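Okay, so here's the structure we're looking at.
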Amino acid sequence: VDAAPRSLSAQYGTGAFPFHTDAAHHALPPRYVLLRLADGARTTTPTLLAVIDLAALSPQDRRTLTREQWLVNGGRGRVFYSPILDPRRQLIRFDPGCMSEPGGTTLQGHEIVDAALQDTGVITIGWYPKRTVIFDNWRVLHARPATDEKTRALLRIMVSA
């Protein structure tokens with residue numbers, strides 16, 4: 001109820017969050033994300049990190065991720081098209097919460113990302129006081145498993161390139 005209307009918290013509640021890029025709805029997502037357990041907060045729900053190894057993708061998959069245009073809902077009437085992979089910046093933009101296939105198309109990018117996630121080892125970050133994690137938001141997708149916790153307070157700072 002307290003979650004921002006278009007947030008993953010509003011969409012998924014206490015269910016699992018899908019792997020995603022933070023702020024994928026921005027014209028240029030921030031390069032780095034810093035996460036930290038809020039002072040006085042406790043949680044048993046980890047954060048999951050998955051590094052997408054672009055070099056491990058086949059040339060065909062890289063072309064597909066570069067050429068397919070996904071509809072990105074940037075909020076406040078800002079809607080734009082973007083590929084999942086920006087090869088110039090080596091940026092993966094992926095968020096099922098704000099990105100969708102344009103009507104009448106069947107895109108393969110989601111399946112390619114899902115397969116890449118299956119091929120990578122997921123890093124599980126357990127939270128404790130003063131733990132801080134910084135990751136490259138252009139190369140690392142993150143998620144959260146389902147939880148029965150009603151509150152989970154992580155501080156987030158996004159840093160642009």
Side-chain angles (χ1 to χ4, degrees), residues 1-38 41 43 45-55 57 61-117 120 122-123 125 127 131-145 147 152-161:
V1 175
D2 295 330
R6 295 181 53 251
S7 69
L8 291 178
S9 294
Q11 293 179 38
Y12 294 94
T14 57
F17 281 14
F19 278 97
H20 64 281
T21 303
D22 251 11
H25 62 283
H26 291 190
L28 181 61
R31 180 66 194 255
Y32 301 100
V33 173
L34 181 148
L35 293 176
R36 180 181 172 141
L37 186 64
T43 183
T45 306
T47 295
L48 308 175
L49 302 177
V51 179
I52 301 298
D53 182 3
L54 298 176
L57 295 174
D61 285 349
R62 288 177 62 88
R63 266 192 309 280
T64 298
L65 293 178
T66 300
R67 292 181 180 167
E68 284 186 350
Q69 295 296 306
W70 286 72
L71 189 62
V72 180
N73 183 347
R76 298 186 186 117
R78 294 176 317 185
V79 177
F80 59 95
Y81 290 96
S82 175
I84 290 175
L85 173 61
D86 175 343
R88 194 178 88 234
R89 292 187 175 100
Q90 298 295 291
L91 158 64
I92 298 279
R93 177 194 308 267
F94 185 74
D95 185 346
C98 70
M99 296 174 67
S100 61
E101 301 171 358
T105 63
T106 303
L107 303 180
Q108 298 173 334
H110 198 284
E111 289 80 16
I112 293 169
V113 171
D114 283 346
L117 288 169
T120 189
V122 173
I123 301 164
I125 305 296
W127 293 106
R131 181 167 211 183
T132 303
V133 174
I134 301 171
F135 61 89
D136 183 342
N137 193 46
W138 289 5
R139 300 287 301 284
V140 178
L141 300 180
H142 65 288
R144 184 203 73 196
T147 180
R152 178 176 183 257
L154 295 180
L155 302 176
R156 176 179 58 183
I157 296 174
M158 297 184 278
V159 180
S160 294

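Note that the coordinates shown come from a computational prediction; the quantities given were computed from them, not determined experimentally.
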| query | Between Glu101 and Trp70, is a side chain to side chain contact (heavy atoms under 4.5 Å, CB included) present by the stated rule, with each step listed? | reply | CA-CA 5 Å; Glu101 301 171 358; Trp70 286 72; 3.5 Å; yes

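Judged as a side-chain contact (heavy atoms from CB on, under 4.5 Å), and not counting sequence neighbours, the contacts of Ala143 are Phe19, Leu48. With sequence neighbours excluded, the residues that form a salt bridge (charged side-chain N to carboxylate O under 4.0 Å, His left out) with Arg89 are Asp86. By the side-chain hydrogen bond (donor to acceptor under 3.5 Å, both in side chains) test, Asp53 pairs with no residue at all, sequence neighbours left out. The side-chain contact (heavy atoms from CB on, under 4.5 Å) search around Arg31 returns Asp136, Trp138, Ala161, not counting sequence neighbours. Every residue two or more places apart in sequence or in another chain that forms a side-chain contact (heavy atoms from CB on, under 4.5 Å) with Ser82 is listed here: Val72, Phe80, Arg93. Arg63 meets the side-chain contact (heavy atoms from CB on, under 4.5 Å) test with Pro59, Gln60, Arg67; sequence neighbours excluded.
Between the side chains of His142 and Asp22, at least one donor N or O sits under 3.5 Å from an acceptor N or O.
Of the possible donor and acceptor atoms, one in the side chain of Asn137 sits under 3.5 Å from a partner among the backbone N and O of Pro30. Glu68 places a side-chain N or O within 3.5 Å of a backbone atom of Gln108 that can act as its donor or acceptor partner. For the pair Thr21 (side chain) and Asp95 (backbone), a donor-acceptor distance under 3.5 Å is absent. A donor-acceptor contact shorter than 3.5 Å is absent between the side chain of Thr120 and the backbone of Ala116.
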